[in-house]
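Protein chains get the first letters and strands the later ones, always in sequence-line order, with residue 1 at the start of each.
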Amino acid sequence: MFELAGLNPAQKEAVTTWEGPLLVLAGAGTGKTRVITYRIVELIRRGISPERILSVTFTNKAAREMKERTTSLLKKKISKQPSISTFHAFCVRILREDISNLGYPQSFSIADRGDQESLARQALRDIKLGDKAMQPGDLISNISRWKMKAVAPQQARHMAESDLEFLAALAYRKYQSLLKASGSVDFDDLLVLTLDLFRNHPQLLSKHQNRFDRVQIDEYQDTNNAQFEIVQHLVEQSQNLCVVGDDDQAIYAWRGAEVTHILNFQQHYPNAKVIRLEENYRCTRQILDLANELMKHNITRHEKTLWSKKTSEKDVRFLAYSDEQIEAENVVGEIKYLTEIEKVRPSDIAVLFRTNEQPRIFESEFRRQEVCYVLLGGQSFFNRREVRDMLAYLKVFANPFDQNSLLRIVNYPPRGIGASSVEKLLKRSVGGKKRIFDVATAARDQNEISAKTYSSLMAFRGLIDVYRQKITKQPQNLSAYFAQFLEEIHYEHEISRQYKSPDQQQIRKEMMQEFLQTISQYQARSHHPSIRDFLQETALTGRDDEFAHDSPVEESAVRLMTYHSAKGLEFPLVYMVGMEEGLLPHRRAVEESEKSIDEERRLAYVGMTRAMESLTLTRAESRTKWGKRRPTIPSRFLFEIRGEEDIDSTDNRPDLLAEFR
DNA sequence: AAGGAGGGTTTTTTT
DNA sequence: AACCCTCCTT
């Protein structure tokens, strides 16, 4: 037990409280990951069989690190492993076993964001609700909200209070039927279907209840209703639930997370014990004081007093530059100096921002000044056209009924299967229930498509089948076969043909190479590689940063990421850039409500409390957006942090804000 | 069917 | 500035 010697009394208590419900209110930097990890280790030492322990983390990265940490703490090798995974990955495991009870195929695939978007687009088109009235993204978030509240498409239609809502409900139905017809589930379905299983199949529920008798949930403040209920079902009998979180770091309300779950834990679990961790080991007092000051402006929260023993001579810095170009130049310039002259480790430095558009200018500045950087999180890689194409090909290989993906690539690169022919085939496919290949002969016989188109289509089907078979037979050659396939369809050639500028060509070919590399990396580490498994992994975890810390390049690279992706991480030096009204707090939050401002404030708090030694907040006095340069207003948070009036003149704030919109 | 020109729209955050 | 859609010509 001597490892526990390093823990403070509160931490020790949290680690050794094993029976019954436990709520650990752990402020930023108070060692909550440590507590969870030690709990797992102690439980195993106490004789609880590892596979009976379930620990749910928020990100894949956290799960990975927790696994590594537990194995190294245990010293002895154990034959069975505790279940440490994200919520979604946990649900996938359950569904792989039992989803057939819900009328889905055992081998369902997971629709990623790109799939969701094209399904939504198609649904909106079919409902004749143009992109003008509702963006695919809006439809997706509506659908997500419905699903989290367990509202079926039919119900949604009856509940609609406006025409737009009614049409959205129709689109929801269309979306869901297209999704199901392709044998896929989306992210929300993973939770909703698991809950469905638990609610309506008692014998399956008790199977899973008996499987786990210790359950831990990290970042509990960010659980949504479905997750909350799943957990409730799971621990119904044992009540051995430990949740850890911090209401001040709740930043996922927009995704359906409910802070009330952590705030009302004691009502939900009347026997709950509550332990507070309030000593911060991460930040210097200078940083922590300002962060606490900021949070005083949020009214509805658990009062807590975070304190730190760490001090430093360095103060938190507030810097303003004339525009975003100068801001980037200076921040990168300073980082260059720090890493090259002061020999600061680049991976100890993080640049944090609110939106995914912000890092662009920093990226080119890092490249120009030749400082190694890495852009973490974000789905930008998977939004690239080339990557989406290649994913679509893989999906067609993996799932012949994935019509959505097939449509994306059936004529790309162009092979003589035009839009109007596809349109006619689609009409015959009965809403995706039949494949376009299967209705092609009939369409040709009735002269709906030309003989030429027909033969291209059949040749394409043949090619797909050949490669599908090759890959199925020898999945260990996945990446080689796929590269060969791309060669055969002249994909790279198509890039050169389509993009005139050498710059564009190079970037796009690099994307293609990078994707191929992602496949080889997957193949190298997987014991039983398969397309389906690869796709599942990419859908659940995005691009694999998994081996980030192994690779020497990334080890020596400055970190760039959003506040959301920085959650749970820490860095000796942190730069928060673009501290302006409209960016942080984001414009949409400002337009919405006071509540959304509170969440933006928590976002700023999360950002500040990532910093261990040094924190710098910068802003640009003017910024170019949509091709227009506009003056900006300092973020209100800058004032709140330092006590209202401190900062430069703010007389014209309301007018400028109007102009910003 | 293919390719190009032109016009309009877009950017919150992600498992 | 990047992307998508639509329309027009070949």
- request: Could you work out which one of B:dG3, B:dT14, C:dC3 sits closest to the side chain of A:R508?
  value: C:dC3

field: Contact list for DNA chain B against residues 244-252 of chain A - heavy-atom distance below 4.0 Å
entry: A:Y252

message: Using whole Å, what does the distance between atom C1' of nucleotide C:dC4 and atom CD of A:E117 come to?
response: 12 Å

- request: Just jot down the ring pair (Phe, Tyr, Trp, His ring centres under 6.0 Å) partners of A:F515, sequence neighbours excluded, or say none.
  value: none

query: How long is the line joining CZ of A:R408 and C1' of C:dC5, in whole Å?
result: 15 Å

- line: In whole angstroms, the gap separating P of B:dA1 from CD1 of A:I449 amounts to 9 Å

field: A:R444 NZ/CZ over A:Y454 ring centroid, <6.0 Å and within 45° of normal
entry: yes

- prompt: Taking the side chain of A:S421 as its heavy atoms from C-beta onward, which of C:dA2, B:dA1, B:dT13 lies nearest to it?
  reply: B:dA1

- request: Would you indicate which nucleotide in B:dT13, B:dA1, B:dT15 comes nearest to any side-chain atom of A:T453?
  value: B:dA1

Nearest-nucleotide pick for A:T562, side chain only, options being B:dT11, B:dT13, B:dT15: B:dT13

- line: By nearest-nucleotide position on DNA chain B, the 5'-leaning member of A:A539 and A:E357 is A:E357

- prompt: Taking the side chain of A:P414 as heavy atoms from C-beta outward, which of B:dG3, B:dT15, B:dA1 is closest to it?
  reply: B:dG3

field: Nearest listed nucleotide, side chain of A:W254, among B:dA2, B:dT14, B:dT15
entry: B:dT14

- prompt: What's the NZ-C1' distance between A:K61 and B:dT14, to the nearest Å?
  reply: 16 Å

task: Look at the side chain of A:R497 and decide which nucleotide, out of B:dT14, B:dA1, B:dG3, has an atom nearest to it.
output: B:dG3

task: Give a yes or no on whether the ring-centroid distance for A:Y575 and A:F362 is below 6.0 angstrom.
output: no

message: Is A:Y563 stacked against the base of B:dT13, taking the criterion as centroid distance under 5.5 angstrom and interplanar angle under 30°?
response: no

message: For a quick check of understanding: with a heavy-atom distance under 4.0 Å over all strands, which category does A:R385 fall into, base, sugar-phosphate or nothing?
response: nothing

message: Quick check on B:dA1: is either OP1 or OP2 less than 4.0 Å from any side-chain nitrogen or oxygen of A:S420?
response: yes

message: Categorize A:A419 for me: base, sugar-phosphate, or nothing, with a 4.0 angstrom heavy-atom threshold over every strand shown.
response: sugar-phosphate

query: Is the NZ or CZ atom of A:R121 both under 6.0 Å from the centre of the six-membered ring of A:Y175 and within 45° of that ring's axis?
result: no

message: Donor-acceptor check, side chain of A:E324 to backbone of A:T624, threshold 3.5 angstrom: yes or no?
response: yes

- prompt: Rounding to a whole Å, what distance do you find between A:E448:CD and B:dA1:P?
  reply: 13 Å

A:Y252-A:F58 aromatic ring centre distance below 6.0 Å: yes

- prompt: What nucleotide among B:dT11, B:dT13, B:dA1 has an atom nearest to a side-chain atom of A:H586?
  reply: B:dT11

query: Starting at CD1 of A:I417 and ending at P of B:dA1, how long is that distance when rounded to a whole Å?
result: 10 Å

is_close_aromatic(A:H297, A:F637), centroid dist under 6.0 Å: no

Distance, rounded to the nearest Å, where A:D138 contributes CG and B:dT11 contributes P: 9 Å

- line: Assert: residue with more 5' nearest nucleotide on DNA chain B, out of A:Q116 and A:N411, is A:N411

message: Please report the distance, rounded to the nearest Å, between CZ in A:R121 and P in C:dT6.
response: 10 Å

message: Does any part of the side chain of A:I633, heavy atoms only, come nearer than 4.5 Å to the side chain of A:E580, both counted from C-beta?
response: no

